[in-house]
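Note: hydrogens, waters and symmetry copies are ignored here, and every other heavy atom, side chains too, is used.
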Amino acid sequence: MDARLDNMPDDEPLIPPDGGGVGTQDGAGDLRGKENGDARVISPSKIPVAGFRAYATVVILFTVNLLNYVDRYTVAANLLDIQKYFNIEDSNSAAGILQTVFIISYMVMCPIFGFMGDRYSRKLVMSFGVLFWAAMTLSCSFVPSDKYWAFVLLRGLVGVGEASYSTIASTLIADLFTGNQRTRMLTLFYFAIPVGSGLGYIAGGGVANAWGWQWAFRVTPPFGVLSVFLIMVCIREPIRGQAETGNKAIANTDYCTDLKALGKNKSFIFNSLGFTGVSWVVGALALWAPTFVEDIYAVHRMDSSDVAFIFGAITCVTGFLGTGIGTALAQVLRKYNHKVDPLICGYGMLVSVPFLFFAFTYAYTNLFLAWSFVFLAEIGLFLNWGLVPDMLLYTVIPPRRSTANACQMVMGHLLGDALSPWILGFISDQIRYKWSSDTTAFAQMMSLQYSLYVATFVTVLGGGAFLATALFIEKDKARVTKIVESAKENLDPLESPLSLPGDQQPPPPIIDIVY
């Protein structure tokens, strides 16, 4: 064995110098095995992706991600109208269950699609998910007012469709780019989260004001169908690990081995806990912050029709600023400090804590000041959107990344935004019922204010988890780099596929990894 790998942990895969072992996966699940001495080499039918097509892939994936988040936050933008339609105006916990059921189904399906994303055609899995998401979203708009349970069920099924896409898309980008270029492409992809969230409030609220809240759920599905067409026609699926291994693929290990290795990866664990803190806070704010402000407007007898627009506009702008600033800082400071990615994420969350606290405290007396504090707090929260997935990708080996992404999603949503909307709604109801059973706008506002303070404590915990990631990230990144470099050096070099025309391009071999 190569002396450089002698100190590598036993639970990490190595490429045997003799090329031994059996390959088990390819870029799209189309396996073609042929004997090659003592080793069986598995050659995928896909050829490397390069140039314009790679950038077009990122744009298409960004568009689908944008549609997903526009739809997700359309519920929050129209929550009061939905409560009135289904006659649940006096139950915040019943309204909060909408987001909880959505996230639970999303969370349950993530491991399944993560497993599939590491082993089968990612294009087909994503296309199925986007079509299913579009169908369920459209169905939500036709539920009668006495069937709230059906509306909840359909929102849960929307999460199934989103899970198939979100666990896989970033791994495609990782297979097309490396280094700072990968960070930039991931930043573009994850711009869709704050921007789509903001557009969900703006467009969802605007469409609802014009034609009713049901029509807000009928806008995005046609674009979803168009996106499936673009995925199938325009995206050429890359080989897993293509950008890092020089178009040479590393075969899969079994699922239990994947989970065991991830459980020992400290950077992955703490990064996922930090992501959980972000999910908890953002999920809580997304659902209850606009409602909280609308209650304040009601107390002051002001028109609240522009609340969704203001909150959406702030989210869009801070999304661009926060994600862009976080990525730019990381690219500049990486040459001086290799731990800078988790440090930016951690300090960003900690800086946002006082701004969140003051926003909740002064909202009743000074709305302009409160909106200003929300603006500053969201910049701090959004610094990590492009960096969290990048840290996952460079601390996990290529054939394990969909599984790792799925596990992070499960942890983040199980302990994060699956719980926070319901928890804050429950706390709000208990405060109001225990004190006075008052259903006035003032009572609603005060109870939500006290419950929202919980978000500030969770923000501190999330920031601490990111800072803990900094203790281990250099070691874990170096281990993955050694494994990928060993794959490049131990496999026989191929003539560059890009130098041959059309069908003459040779498919790269896949050599099994052993422990």
Side-chain angles (χ1 to χ4, degrees), residues 5 8-15 24-25 27 110-111 113-119 122 166-179 182-183 185-186 189-190 238-245 248-276 330 338-339 341-342 345 384 386-412 465-466 468-488 510 513-515:
L5 307 177
M8 198 171 295
D10 292 337
D11 65 327
E12 290 296 346
L14 307 178
I15 309 298
T24 59
Q25 64 96 25
C110 273
F113 289 118
F115 176 88
M116 296 173 67
D118 281 333
R119 291 159 177 83
R122 289 174 284 187
S166 60
T167 55
I168 294 173
S170 62
T171 67
L172 286 172
I173 297 173
D175 292 338
L176 296 173
F177 304 94
T178 59
R182 175 193 285 173
T183 303
M185 293 300 103
L186 286 171
F189 176 72
Y190 283 102
I239 302 156
R240 292 173 177 85
Q242 166 185 304
E244 295 152 296
T245 61
K248 299 170 184 176
I250 305 173
N252 300 94
T253 54
D254 64 86
Y255 194 60
C256 291
T257 302
D258 289 347
L259 296 179
K260 177 183 176 182
L262 291 174
K264 295 181 179 180
N265 188 327
K266 294 183 177 64
S267 295
F268 170 76
I269 295 298
F270 283 109
N271 183 28
S272 298
L273 288 173
F275 169 73
T276 300
H338 297 303
K339 302 178 180 180
D341 289 1
C345 296
N384 61 71
L387 301 180
V388 168
D390 201 16
M391 288 189 286
L392 181 148
L393 292 170
Y394 65 62
T395 57
V396 176
I397 60 171
R400 192 173 286 155
R401 286 171 177 165
S402 289
T403 297
N405 198 24
C407 290
Q408 186 176 84
M409 293 289 183
V410 169
M411 182 185 297
F466 281 129
T469 307
L471 300 175
F472 309 101
I473 198 158
E474 284 186 290
K475 178 181 177 182
D476 290 331
K477 182 179 180 180
R479 181 169 62 247
V480 171
T481 300
K482 284 185 178 180
I483 293 168
V484 171
E485 289 299 320
S486 71
K488 294 172 66 175
I510 294 178
I513 48 181
V514 297
Y515 288 78

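We find the CG-CG distance between Asp476 and Leu471 to be 11.0 Å, quoted to the nearest 0.5 Å. Going from atom CD1 of Ile269 over to atom CE of Met411 covers 4.5 Å, rounded to the nearest 0.5 Å. In this structure, CZ in Phe268 is found 8.0 Å from CG in Asn271, a value given to the nearest 0.5 Å. One finds the OG atom of Ser402 at 12.0 Å from the CZ atom of Phe113 (value rounded to the nearest 0.5 Å). Atom CD1 of Ile173 sits about 7.5 Å away from atom OH of Tyr190, to the nearest 0.5 Å. The structure places CE of Met391 at 6.0 Å from OG1 of Thr469, a figure rounded to the nearest 0.5 Å.
Side-chain contact between Arg401 and Asp175 is present, with heavy atoms from C-beta onward closer than 4.5 Å. Inter-residue side-chain proximity for Asp341 and Tyr394 is flagged as met; some heavy-atom pair is nearer than 4.5 Å. Counting only heavy atoms from C-beta outward, the side chains of Phe472 and Asn265 never approach each other to under 4.5 Å. Between Thr171 and Arg122, the closest side-chain pair of non-hydrogen atoms falls below 4.5 Å. The side-chain heavy atoms of Thr403 and Tyr255, taken from C-beta on, include a pair separated by under 4.5 Å.
For the pair Cys110 and Thr167, the tightest heavy-atom approach, listed with the atom from each and the gap, is SG-CG2, 3.5 Å. The two residues Val388 and Cys345 come nearest to each other via the heavy atoms CG2-SG, 4.3 Å. In terms of heavy-atom proximity, Leu186 sits nearest to Gly386 at CB-O, 4.4 Å. Contact record, Ala470 with Lys339: O-CD, 3.2 Å, taken as the closest heavy-atom pair. Of all heavy-atom pairs between Ala406 and Gly114, the closest is CB-CA, 3.8 Å. Contact record, Pro399 with Asp118: O-CG, 3.3 Å, taken as the closest heavy-atom pair.
Of the possible polar contacts, one joining the Ser267 side chain to the Ile473 backbone as a donor-acceptor pair under 3.5 Å is found.
Under the 3.5 Å distance criterion, with hydrogens and angles disregarded, a donor-acceptor pair is assigned to the side chains of Thr183 and Asp390.
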